[in-house]
Novice: 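For reference, the structure I am asking about is given below.
Keep in mind the model is a prediction, meaning the values are calculated, not measured. Below, all heavy atoms of this structure are taken into account, side chains as well, without hydrogens, waters or symmetry copies.
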Amino acid sequence: MMIHLAEDLAESHQAQPSVNIAVAVIDEPSFVGKSIKLQPYLRSRVPNETRIKLAFVLGTDTITRFFAPRFYPSLDSMLRSIRHFFLEPAQGGEGSEIVCARRSSTLSEEEEQEFLQTEEVKEWVDVGAVKLIDIGEEEAKMSSTKVREGIKNYETLQWISRWEDMCCPSVANYIKDQHLYSIE
């Protein structure tokens with residue numbers, strides 16, 4: 001499904017030739033580890049002067065885990081890993097970034113500000129390596145969970161719009177063609 005989404009995104013960005021969209025399948029559980037593995041792989045395949053910038057699109061639940069010490073061997077290990085992830089290559093880092101869309105169903109404004117002002121996060125927000133973006137009200141209601149619920153309970157869930165409206169057309173067609181999530 002990610003390939004279908006990437007193809008639709010690439011098609012919608014045809015007028016911007018500098019935009020490259022890719023999907024990678026990688027056997028690495030952490031985003032720091034993904035960046036460490038992907039950067040040299042990509043660098044070996046493009047001209048030396050080409051700048052590679054990985055932008056990881058995360059949900060609010062995932063971005064809070066990214067900055068949670070319990071997911072690292074120690075607080076010091078977390079801080080070193082995060083620093084390496086965000087620092088630019090000229091500074092000895094990966095130069096990766098995180099983009100997270102604000103959604104009404106996640107953090108309140110107060111919780112978001114509290115999170116963004118924590119010592120571990122603030123530095124990276126200030127330099128633009130962590131971006132929380134506003135999206136449309138309708139888009140903010142979309143989620144893969146709601147798509148699955150909409151498919152399984154299409155007749156009984158009146159609160160959910162047609163599940164197909166929450167996917168790009170090629171993803172909706174793939175879900176139907178593959179009979180995913182109990183589609184007959």
Novice: Is the side chain of T64 donor-acceptor paired with the backbone N or O of D61 at a distance under 3.5 Å, no angle test?
Specialist: yes
Novice: State plainly whether one hydrophobic cluster holds both I151 and L180, where clusters connect Ile, Leu, Val, Met, Phe, Trp and Tyr through side-chain heavy atoms under 4.5 angstrom apart.
Specialist: yes
Novice: Drop me the distance from M2's CE to E7's CD, to the nearest 0.5 angstrom.
Specialist: 11.5 Å
Novice: How far apart are the closest heavy atoms of C100 and G59, and which atoms are they?
Specialist: SG-C, 3.7 Å
Novice: With side chains defined as the heavy atoms from C-beta onward, is the minimum distance between L58 and R65 less than 4.5 Å?
Specialist: no
Novice: Is there side-chain contact between P89 and R43, with at least one heavy-atom pair below 4.5 Å?
Specialist: yes
Novice: If you apply the rule side chain to side chain contact (heavy atoms under 4.5 Å, CB included), what do you find for V171 with V147, and how did you get there?
Specialist: CA-CA 11 Å; V171 170; V147 169; over 6 Å; no
Novice: Inspect the surroundings of CD in E109 and state if more than 12 heavy atoms from other residues, nucleotides or ligands are less than 6.0 Å away.
Specialist: no
Novice: Step by step, would you call E94 with L38 a side chain to side chain contact (heavy atoms under 4.5 Å, CB included)?
Specialist: CA-CA 10 Å; E94 298 293 320; L38 286 171; over 6 Å; no
Novice: Decide if atom CD of E110 counts as having more than 12 heavy atoms of other residues, nucleotides or ligands within a radius under 6.0 Å.
Specialist: no
Novice: Closer than 4.0 angstrom, basic N to acidic O: yes or no for R51 and E88?
Specialist: yes
Novice: Only distances under 3.5 Å count here; give the side-chain donor-acceptor pairs of residues 69-79 to other protein atoms, sequence neighbours excluded, each with its distance to 0.1 Å.
Specialist:
{"residue": "Y72", "atom": "OH", "partner": "F66", "partner atom": "O", "Å": "2.7"}
{"residue": "S74", "atom": "OG", "partner": "S77", "partner atom": "N", "Å": "3.0"}
{"residue": "D76", "atom": "OD2", "partner": "R80", "partner atom": "NH1", "Å": "2.2"}

Novice: Please say yes or no: joined through hydrophobic side-chain contacts below 4.5 Å, possibly via intermediate residues, are I63 and I135 part of one cluster?
Specialist: no
Novice: Within this structure, what is the CD-CG distance for the pair Q117 and D126, rounded to the nearest 0.5 Å?
Specialist: 7.5 Å
Novice: Would one find more than 12 heavy atoms of other residues, nucleotides or ligands at under 6.0 Å from atom NZ of K53?
Specialist: yes
Novice: For K131 and E97, indicate whether the former's side chain and the latter's backbone hold a donor-acceptor pair under 3.5 Å.
Specialist: no
Novice: Would a single hydrophobic cluster contain both V57 and I3, if residues Ile, Leu, Val, Met, Phe, Trp and Tyr are joined by side-chain heavy-atom contacts under 4.5 Å?
Specialist: no
Novice: If you round to the nearest 0.5 Å, how far is CD1 of I26 from CD1 of I36?
Specialist: 10.0 Å
Novice: In sequence, state the C-alpha distance, the side-chain angles, and the governing distance for Q39 and S96, and then conclude on side chain to side chain contact (heavy atoms under 4.5 Å, CB included).
Specialist: CA-CA 9 Å; Q39 288 282 0; S96 293; 3.8 Å; yes
Novice: Taking all heavy atoms of T50 and all of V46, pick out the closest pair and write down the distance.
Specialist: CB-CG2, 3.9 Å
Novice: Does some side-chain heavy atom of W124 sit less than 4.5 Å from a side-chain heavy atom of F67?
Specialist: yes
Novice: Checking H4 now: which residues fulfil ring pair (Phe, Tyr, Trp, His ring centres under 6.0 Å) with it, not counting sequence neighbours?
Specialist: Y174
Novice: State, to 0.1 Å, how close T60 and A101 come at their nearest heavy-atom pair, and which atoms those are.
Specialist: OG1-O, 3.9 Å
Novice: Taking only residues two or more places apart in sequence, or in another chain, which ones meet R45 in a salt bridge (Lys or Arg N to Asp or Glu O under 4.0 Å)?
Specialist: none
Novice: Could you pull out the closest heavy-atom pair between F115 and T118, with the gap in Å?
Specialist: O-OG1, 2.8 Å
Novice: Are F31 and Y41 linked, directly or through other ILVMFWY residues, by side chains that come within less than 4.5 angstrom of each other?
Specialist: yes
Novice: Would you name the heavy atoms of C167 and A172 that are closest together and state the gap between them?
Specialist: CB-N, 4.0 Å
Novice: Tell me if the CD atom of E111 is crowded by more than 12 foreign heavy atoms within 6.0 Å.
Specialist: yes
Novice: Please say yes or no: joined through hydrophobic side-chain contacts below 4.5 Å, possibly via intermediate residues, are V127 and F86 part of one cluster?
Specialist: yes
